[in-house]
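Basis for what follows: all heavy atoms, side chains included, without hydrogens, waters or symmetry-related copies. Lettering of chains follows the sequences in order, A, B, ..., and the numbering in each one begins at 1.
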Amino acid sequence: MKTGEFKDIILSNYKENGRVFPWRTNLDPWGIMVSEFMLQQTQTERVVPYWERWMERWPAPVRLAQASLEDVLREWSGLGYNRRARYLKETAVRIADSHGGIVPASPDQLRELPGIGTYSSQAIACFAYNYPAVFIETNIRAVYIHFFFQDKAGIQDAEIFPLIKETLDPENPREWYWGLMDYGAELKKITPNPSRKSAHYTRQSRFEGSLRQVRGAVIRSLVSDGPCDRDTLKARTGIGDSRLDEALSALYGESMVAEKDGIYRIP
DNA sequence: GTCCCGTATC
DNA sequence: GATACGGGAC
């Protein structure tokens, strides 16, 4: 596949079948940032209603910076990976305190913020400021593997990056990446996930019966029904003693839960 | 069971 | 490089 032909396919598909999301219609950098936090490991369809409520309630970083973690987690409840909510709030505080309330435009500055790694720093710079970043995530990976590594296994991202750089539209990287992601998402519906052939592909551990599940139940109980002692928490959630203590200990260590005089709450 | 627009931590 | 981290949809 020639890269010129490849680019035509991706862009024409985007023109005809490109997805519409609120964070694509409204290009406010804060909205883009919120969407990228929520989209880390969470499907777009699930994110949409959360994003709408979130932006209604906290339309700017300085607003979220003033919110309590309890309110933030309550709004996040159901999205999963609750630490992301805390990172987003901490990032909002940093933006309010050190960036004049403005979402930074450079990937290097974004990368310094809590909860923002190699992917998100590049993606936010690209989508918020149309910066021609070179980055990869699951849908982009699927697209390049599908078109350029059809018969190969154990593909390294390092092999894909040169192609991403070569095919990137420096004039409009934002639309180009939207197109890539949309094509990748579509691809996975009609073929076995090409990303399985990536060297970086890993299966997720079982959720049912996991500590992850227990932790989620603890957070959900504390934000929906308020602070309480351990026995009340046990009664509310039906979690066994050892699992409950294990979860509480881990959450306490991550500052996701606080404890005073035997009463647990969101810090 | 599979998948999800990854990050932090070791 | 490996592992933990939610939760819902299909």
Side-chain angles (χ1 to χ4, degrees), chain A residues 14 18-19 21-24 31-51 73 76-88 90-91 110-128 133-144 154 156-158 164 173-196 198-221 223 237 246-247 249-251 253-257:
Chain A
Y14 177 71
R19 297 176 293 180
F21 297 118
W23 52 86
R24 289 186 179 184
I32 303 283
M33 174 174 266
V34 170
S35 78
E36 288 301 337
F37 270 83
M38 291 182 170
L39 288 165
Q40 291 167 359
Q41 298 290 284
T42 304
Q43 291 94 331
T44 52
E45 318 83 69
R46 287 183 55 200
V47 165
V48 171
Y50 283 86
W51 186 92
L73 284 174
W76 192 271
S77 186
L79 268 182
Y81 293 129
N82 297 306
R83 286 185 298 203
R84 289 184 297 172
R86 203 194 66 212
Y87 289 141
L88 180 51
E90 289 169 1
T91 279
L110 288 162
R111 182 67 183 80
E112 299 296 311
L113 300 169
I116 296 183
T118 51
Y119 162 76
S120 298
S121 61
Q122 304 289 327
I124 293 169
C126 175
F127 295 131
V134 177
F135 57 95
I136 191 170
E137 46 68 66
T138 183
N139 288 317
I140 299 171
R141 187 179 289 122
V143 170
Y144 283 90
Q156 298 282 343
D157 282 350
I164 299 178
R174 182 151 49 200
E175 271 199 16
W176 170 246
Y177 278 106
W178 284 344
L180 281 176
M181 290 171 157
D182 291 358
Y183 200 96
E186 195 57 35
L187 208 50
K188 291 176 184 175
K189 294 178 185 170
I190 57 179
T191 69
N193 186 358
S195 289
R196 288 189 185 186
S198 165
H200 311 283
Y201 180 82
T202 51
R203 269 189 188 72
Q204 203 173 40
S205 58
R206 182 186 176 83
F207 177 64
E208 197 61 33
S210 68
L211 187 62
R212 213 153 88 237
Q213 184 181 37
V214 173
R215 291 166 49 109
V218 168
I219 296 293
R220 193 159 49 248
S221 174
V223 298
T237 60
E246 198 179 349
S249 170
L251 289 168
E254 295 167 24
S255 300
M256 290 296 288
V257 166

Task: Residue A/Q41, side-chain heavy atoms: nucleotide from B/dC5, B/dT2, B/dG6 that is nearest - done: B/dG6
Open item on the list: Of the listed nucleotides (C/dG7, C/dC5, B/dC5), which one gets closest to any side-chain atom of A/E137?
Closed with: B/dC5
TODO: Classify the ring geometry between A/Y177 and A/F135 as parallel (under 30°), tilted (30 to 60°) or perpendicular (over 60°).
DONE: parallel
Roughly how far, to the nearest 0.5 Å, is [atom2] of [Y] from [atom1] of [X]?
X      : Y      : atom1 : atom2 : result
A/R220 : A/T237 : CZ    : OG1   : 10.0 Å
A/Y87  : A/Y81  : OH    : OH    : 12.5 Å
A/I164 : A/I136 : CD1   : CD1   : 4.0 Å
A/Q122 : A/I116 : CD    : CD1   : 11.5 Å
A/L110 : A/T118 : CG    : OG1   : 12.5 Å

TODO: Report yes if a side-chain nitrogen or oxygen of A/R84 is closer than 4.0 Å to either non-bridging phosphate oxygen (OP1 or OP2) of C/dG6; otherwise report no.
DONE: no
Open item on the list: Is it the case that the side chains of A/E36 and A/Y119 hold a donor-acceptor pair, with the cut-off being a distance below 3.5 Å and no angle test?
Closed with: yes
- [ ] For A/R86 and A/S255, test the side chains for any donor-to-acceptor distance below 3.5 angstrom and give the result as yes or no.
- [x] no
Answer with base, sugar-phosphate or nothing: what part of the nucleic acid does [X] contact at a heavy-atom distance below 4.0 Å?
X      : value
A/L79  : base
A/R196 : sugar-phosphate
A/F37  : nothing
A/E45  : nothing
A/W23  : base

Task: Under the 3.5 Å Watson-Crick or G-U criterion, the dot-bracket string of DNA chain C, with | for inter-strand pairs - done: |||||.||||
For [X], enumerate each residue passing the side-chain contact (heavy atoms from CB on, under 4.5 Å) test, keeping only those at least two apart in sequence or located in another chain.
X      : answer
A/D182 : A/Y14, A/R19, A/R24
A/E208 : A/R206, A/Q213
A/Y50  : A/M38, A/R53, A/L79

What are the atom names and distances for every N/O pair under 3.5 Å that joins the protein to nucleotides 7-10 of chain B?
residue: B/dT7; atom: OP1; partner: A/G117; partner atom: N; Å: 2.8
residue: B/dT7; atom: OP1; partner: A/S120; partner atom: N; Å: 2.9
residue: B/dT7; atom: OP1; partner: A/S120; partner atom: OG; Å: 2.8
residue: B/dT7; atom: OP2; partner: A/Y119; partner atom: N; Å: 3.2
residue: B/dA8; atom: OP1; partner: A/G115; partner atom: N; Å: 2.7

Give the rounded distance in Å between these two atoms: [atom1] of [X] and [atom2] of [N].
X      : N     : atom1 : atom2 : result
A/Y81  : C/dG7 : OH    : C1'   : 9 Å
A/L187 : B/dC3 : CG    : P     : 13 Å
A/L39  : C/dG6 : CG    : P     : 17 Å

Open item on the list: Give me the distance, rounded to whole Å, that separates C/dC10 from B/dC5 when you measure between the P atoms they each carry.
Closed with: 13 Å
Between protein and nucleic acid, restricted to nucleotides 8-10 of chain C and to nitrogen or oxygen atoms under 3.5 Å apart, what atom pairs and distances do you find?
residue: C/dG8; atom: N2; partner: A/Q43; partner atom: NE2; Å: 2.6

Task: Comparing A/T202 and A/R212 on DNA chain C - which has the more 5′ nearest nucleotide - done: A/T202
Open item on the list: If you assign each of A/Q156 and A/Q213 to its closest nucleotide in DNA chain C, which residue comes earlier from the 5' end?
Closed with: A/Q156
Task: Side chains of A/H200 and A/Q156 in contact at under 4.5 Å (non-hydrogen atoms) - done: yes
